[in-house]
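So the structure is just underneath, and the comments pick up after that.
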Amino acid sequence: MNDQINWYKRQYKNALKTYEKLKTTKEEIDLKLESNPVCSHLHKDLRDVNLDITITLNEIEHIESHIFKSTSQKSNHL
């Protein structure tokens with residue numbers, strides 16, 4: 001059971017890192033859009049990064065539920 005919890009915790013940490021990178025990328029795109037607001041490539045990149053952020057946040061929520069479930073099951077067995 002500890003191996004499973006540790007695996008979820010590693011996944012959670014990786015997802016948080018990915019989220020931080022995506023936020024930085026979004027900020028960079030937003031900054032570029034300020035100087036060039038009609039650039040279709042930047043708008044496409046922004047849509048893609050927003051979608052990736054949404055997916056990553058869903059993944060984080062999913063992992064959190066598994067960690068909570070695993071830790072509550074572990075405490076019930078004690």
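Computed from heavy atoms alone, side chains included, the values below leave out hydrogens, waters and symmetry copies.
Distance check, rounded to the nearest 0.5 Å: CZ of R47 to NZ of K44 gives 7.5 Å. Of the inter-residue distances, the one linking H41 atom NE2 with K32 atom NZ reads 12.5 Å to the nearest 0.5 angstrom. Taken from CG in N50 to CD1 in I29, the straight-line distance is 8.0 Å, to the nearest 0.5 Å. To the nearest 0.5 Å, the span separating CG on L46 from SG on C39 amounts to 11.0 Å. Annotation: the span from Q11 atom CD to E59 atom CD amounts to 6.5 Å, rounded to 0.5 Å. Between atom OG1 of residue T24 and atom NZ of residue K26 there is a gap of 11.5 Å, rounded to the nearest 0.5 Å.
Contact detail for I53 and Y19: the closest heavy-atom pair is CG2-CE1, 3.8 Å. N36 and L42 make their closest contact through O-CD1, 4.1 Å (heavy atoms, listed as atom of the first residue, atom of the second, distance). Considering every non-hydrogen atom in both H43 and P37, the closest pair reads NE2-O, 2.8 Å. In terms of heavy atoms, I60 sits closest to A15 at CG1-CB, 3.6 Å. Looking at every heavy atom in both residues, I5 comes nearest to S70 through CG1-CB, 3.5 Å.
Put simply, L22 and L57 are part of the same group of oily side chains (I, L, V, M, F, W, Y) that touch within less than 4.5 Å, one to the next. Tracing side-chain contacts under 4.5 Å through hydrophobic residues (I, L, V, M, F, W, Y), one never reaches F68 starting from Y8; they form parts of separate clusters. Cluster membership check: L16 shares its hydrophobic cluster with I67, using side-chain heavy-atom separations under 4.5 Å among Ile, Leu, Val, Met, Phe, Trp and Tyr.
For the pair L31/E34, a side-chain contact is recorded, criterion being any heavy-atom separation below 4.5 Å from C-beta on. For the pair N6/R10, a side-chain contact is recorded, criterion being any heavy-atom separation below 4.5 Å from C-beta on.
At a threshold of 4.0 Å, the pair E20-K17 does not count as salt-bridged, since none of the basic side-chain nitrogens sits closer than that to a carboxylate oxygen.
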